[in-house]
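Below is one structure, written out as C-alpha cells; the observations come after it.
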Number of protein chains: 2
Amino acid sequence: MRHHGGRGARGRHRIGPGRWGVRARVERFVEPAVLLLLRERRAHGYELLDALPDLTGDARVDMGNLYRVLRALEEDGLVQSEWEAGVPGPAKRTYELTPEGRRLLDEWATALGRSRERIDSFLERYEGG
Amino acid sequence: MRHHGGRGARGRHRIGPGRWGVRARVERFVEPAVLLLLRERRAHGYELLDALPDLTGDARVDMGNLYRVLRALEEDGLVQSEWEAGVPGPAKRTYELTPEGRRLLDEWATALGRSRERIDSFLERYEGG
DNA sequence: CCATACATGTGTGTTTTACATATAGATGCG
DNA sequence: CGCATCTATATGTAAAACACACATGTATGG
C-alpha cells in the first residue's frame with residue numbers, strides 16, 4: 001500500500017486513488033427505515049436486516065448498530081418487543097411499533113421532505129450553472 | 001442471560017421531553033455546497049460562511065469545520081487558494097475550484113440524485129401505507 | 001479606549017457509523 | 001460424532017462526522 005505522500009491529517013474515506021467516496025447519505029436513515037418496516041408488520045431484527053437494504057439502498061446494514069438502534073428505540077418507548085416463544089431455532093425478539101414510534105415516523109417523514117427540497121434546490125442550482 | 005435490564009441511557013439528541021431531534025440531514029453536505037458556491041465564483045471562507053445557509057438550510061455552518069473542510073479540499077487539489085494581497089482589513093485567503101474539484105462536484109450531484117430517489121421511494125411507501 | 005465586525009484558524013468533546021468479535025440454537029453432511 | 005453453516009442477538013472498539021469553545025489579528029465606529 002502506497003499512499004501517504006501529501007495525504008492530509010484528515011482521512012476522508014477514499015475509494016480509489018484521488019477519489020473521495022461520495023455517498024450523500026441521510027444521517028441515521030436506518031431509524032426511519034426500521035420504523036416504516038415495523039409499521040407495515042411486526043418483525044425481529046434479523047428480518048429487518050434482510051428487508052432494510054430495499055429502503056436504504058446499501059448492500060446491507062450493520063447488524064451491530066441495528067440492534068443498538070432497536071434497543072434505543074425501545075428504551076424511549078418507540079417500539080415494543082417480546083421474545084417469541086415456542087418456535088424452534090434461536091430465540092427471536094419480535095418488535096412492534098408503538099403510537100409514539102408512529103409519531104416519530106411522521107416526524108421523520110416531514111424532515112425527509114424538507115431534506116428532499118434542499119437537495120432539489122441544490123441540484124437545480126447545480127444544473128442551472 | 002438474555003434480556004437483562006436496560007441501563008445506559010443512549011443519548012440521542014433530545015430536543016424536548018420525549019422527543020428525538022430529527023433532522024434528516026445529508027452527511028457532509030457543506031462539502032458539495034462549498035464546491036457549488038466556488039463554481040459560481042471564487043470566494044474566501046467568511047464569504048462562504050455567509051452564503052452557505054442558503055444551500056444547507058441551517059441557520060449557520062460551523063466555521064471551524066468549514067475551514068478544516070477547505071484545507072482538506074486543498075490538500076487533495078480540489079480547490080486552490082491564495083492570500084489576497086493589497087486589500088485592507090484582515091488577510092483573506094481566496095479559494096477557487098480546480099478541474100478535479102469540479103469533477104467531485106459532479107459526483108456529488110449524481111450521489112445527491114440517488115439520495116433523492118431513495119427519499120422519494122421512502123416517502124411513497126410511507127404515504128402508501 | 002473599547003466594543004464590534006471581519007477573517008482565519010486550533011482544541012476538544014460528542015454523536016454517528018464501521019469493523020470486529022462473542023454466544024448460542026438448529027440443520028446438514030461426511 | 002464432529003464440524004461447518006445459517007439463523008439470531010448482542011457487545012467492544014475504532015474511525016469518521018459534527019458541535020462547541022477558544023485563540024489570534026486587522027480594521028471601524030463611538
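Side-chain atoms are counted along with the backbone in the values below, which use heavy atoms only and exclude waters and symmetry mates. Throughout, a chain's letter reflects where its sequence line sits, starting with A, and its residues are numbered from 1.
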Consider the side chain of [X], meaning its heavy atoms from C-beta on, and name the nucleotide among [options] that approaches it most closely.
{"X": "Arg28(A)", "options": "dG9(C), dT16(C), dT13(D)", "answer": "dT16(C)"}
{"X": "Pro90(B)", "options": "dT8(C), dT17(C), dG25(D)", "answer": "dG25(D)"}
{"X": "Pro88(A)", "options": "dA7(C), dA26(C), dC19(C)", "answer": "dA26(C)"}
{"X": "Trp83(A)", "options": "dT9(D), dA19(D), dT17(C)", "answer": "dT9(D)"}
{"X": "Asp62(B)", "options": "dT8(C), dC20(D), dT7(D)", "answer": "dC20(D)"}

Can you check whether Trp108(A) reaches Arg28(A) side chain to side chain, under 4.5 Å on heavy atoms?
yes
In this structure, how many angstroms lie between the [atom2] atom of [N] and the [atom1] atom of [X], rounded?
{"X": "Arg68(B)", "N": "dT10(C)", "atom1": "CZ", "atom2": "C1'", "result": "7 Å"}
{"X": "Glu47(A)", "N": "dC6(D)", "atom1": "CD", "atom2": "P", "result": "19 Å"}
{"X": "Lys92(A)", "N": "dT7(D)", "atom1": "NZ", "atom2": "P", "result": "10 Å"}

Touch class at under 4.0 angstrom, heavy-atom based, for Arg60(B) against every strand present:
nothing
Under 4.0 Å from OP1 or OP2 of dT11(D): is there any side-chain N or O of Arg71(A) that close?
yes
Can you check whether Arg23(B) has a side-chain N or O nearer than 4.0 Å to OP1 or OP2 of dT15(C)?
no
Given salt bridge (Lys or Arg N to Asp or Glu O under 4.0 Å), test Glu100(B) with Arg103(B) step by step and report yes or no.
CA-CA 5 Å; Glu100(B) 290 84 23; Arg103(B) 278 194 288 276; 3.7 Å; yes
Nearest-nucleotide 5' precedence on DNA chain C, His44(B) against Phe29(A):
His44(B)
Judged by nearest nucleotide, the residue sitting upstream toward the 5' end of DNA chain C, Gly64(B) or Gly89(B), is Gly89(B)
Roughly how far, to the nearest 0.5 Å, is CG of Leu97(B) from CZ of Arg42(B)?
11.5 Å
Side-chain donor or acceptor of Arg93(B) under 3.5 Å from a matching atom on the base of dG9(C)?
no
Is a donor-acceptor contact shorter than 3.5 angstrom present between the side chain of Asn65(B) and the base of dA17(D)?
no
Using distance alone, with no hydrogens and no angle criterion, decide if Glu84(A) and Thr94(A) have a side-chain donor and acceptor under 3.5 Å apart.
yes
